Amino acid sequence: MKKLIALLLALTMIFAFAACAKAPAKEETKTLTMACSADFPPYEFVNDDGSYAGIDVDIAQAICDKLGYKLEVKDMDFDGIIAAVESGAVSFGMSGLTITDERKESVNFSDSYAKGVQVILVKEDSEIATVDDLDGAKIGVQAGTTGDIYCTDDYGQDNVSQFTKYAMAVEALKNDQVDCVVLDNEPAKAFVEANEGLKILDTAYADEDYAAAFNKNDTELLEQFNKALGELKADGTLDKIVDKYINAK
Ligand code: ARG
């Protein structure tokens, strides 16, 4: 009996050992997390089914596909993105982010993949007709954006209302809580399309370049990203993505 038990024990141990040894070392695909403020169509927005879409999301996905990463989108307030990249809480930030000298002190930027223009969104019957009329007007912006920074510099903190999401700024415009919203041209067009009674002034406020932001210590990922981005530019994938969201409309 004792022998039998010993044998059984031995066998159990052999099986247990074999099972452990055989357990396939899980080939985990590494995940890259992308910080964005998904309130910025056509660059990043939330679909009705809760999934994320947009030019930035598609470009990031195409780059991850090339590099063999899974992509996870992390939606957050815009003014938290640079800090999230800086602290390493996310792998990179891609959110219609304008390259600025000030941000360059905190993060590294990838090559640029798109151009943006700061424009002025008003109600159709607005008295604001040019940039000059912004003096003394109540200006709505998204907190931490270049629109916020330029307008606060030019017209003073007291004239600028900061919102965490653009949709809130647009609501405030519709309710006459602000006289205009300063924001990027493509999202402005999307908001005009989605809301009655809004228009964009043809006087632009500032020209900008968009790029993804990386942690200063993660130059390896930045290099991989730029290489993949270059390939997507060269083979027409980037244009195709932009066409899908902008030019095709
Ligand atoms: N281009 C502007 C900036 O970098 C605005 C970007 C806002 N992006 C967003 N996903 N809400 O400041």
Side-chain angles (χ1 to χ4, degrees), residues 33-47 51-61 71-86 89-121 139-155 157 160-173 178 180-195 200 204-214 241-242 245-246:
T33 46
M34 158 180 152
C36 70
S37 172
D39 63 338
F40 200 65
Y43 292 96
E44 46 266 329
F45 54 92
V46 188
N47 281 320
S51 61
Y52 296 103
I55 294 171
D56 288 349
V57 178
D58 281 14
I59 294 174
Q61 185 62 62
L71 175 69
E72 189 189 324
V73 174
K74 289 212 165 167
D75 190 4
M76 59 179 70
D77 291 346
F78 183 80
D79 63 356
I81 295 174
I82 297 285
V85 173
E86 228 185 332
V90 294
S91 314
F92 64 99
M94 200 163 174
S95 195
L97 269 173
T98 301
I99 302 174
T100 70
D101 287 339
E102 206 191 328
R103 288 175 182 164
K104 272 189 197 163
E105 285 172 18
S106 314
V107 294
N108 284 338
F109 279 105
S110 71
D111 295 334
S112 179
Y113 61 87
K115 294 212 171 288
V117 187
Q118 293 299 307
V119 297
I120 302 159
L121 182 69
I139 307 169
V141 295
Q142 181 176 44
T145 57
T146 47
D148 181 9
I149 296 158
Y150 302 150
C151 290
T152 305
D153 279 356
D154 291 350
Y155 304 104
Q157 185 85 62
V160 179
S161 302
Q162 300 171 310
F163 298 87
T164 46
K165 294 283 170 191
Y166 275 121
M168 296 160 74
V170 172
E171 261 333 282
L173 174 63
V178 296
C180 65
V181 176
V182 172
L183 78 170
D184 305 52
N185 56 330
E186 287 302 335
K189 282 191 225 163
F191 287 121
V192 167
E193 234 173 75
N195 295 274
I200 299 165
Y205 196 69
D207 292 317
E208 319 188 307
D209 292 310
Y210 293 166
F214 289 82
I241 292 173
V242 173
Y245 290 100
I246 298 180

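Every value quoted in this text rests on a predicted model; they were computed, and no experiment measured them. Every number for a ligand or one of its atoms is a count from 1 in the order of the listing.
For the residue pair Asp184/Tyr210, the side-chain donor-acceptor check at 3.5 Å is satisfied. A donor and an acceptor atom, one from each side chain of Asp39 and Gln142, are located under 3.5 Å apart.
Every protein residue with a heavy atom nearer than 4.0 Å to ligand 1 is included here: Ser37, Asp39, Phe40, Glu44, Phe78, Ser95, Gly96, Leu97, Thr98, Arg103, Gln142, Thr145, Thr146, Tyr166, Asp184, Glu208, Tyr210.
Residues meeting the ring pair (Phe, Tyr, Trp, His ring centres under 6.0 Å) test with Phe78, sequence neighbours left out: none. With sequence neighbours excluded, no residue forms a ring pair (Phe, Tyr, Trp, His ring centres under 6.0 Å) with Phe45. Applying the ring pair (Phe, Tyr, Trp, His ring centres under 6.0 Å) test to Phe163 and every residue at least two apart in sequence or in another chain returns nothing.
Panel note: side chain Asp56, backbone Gly96; a donor-acceptor pair is recorded below 3.5 Å.
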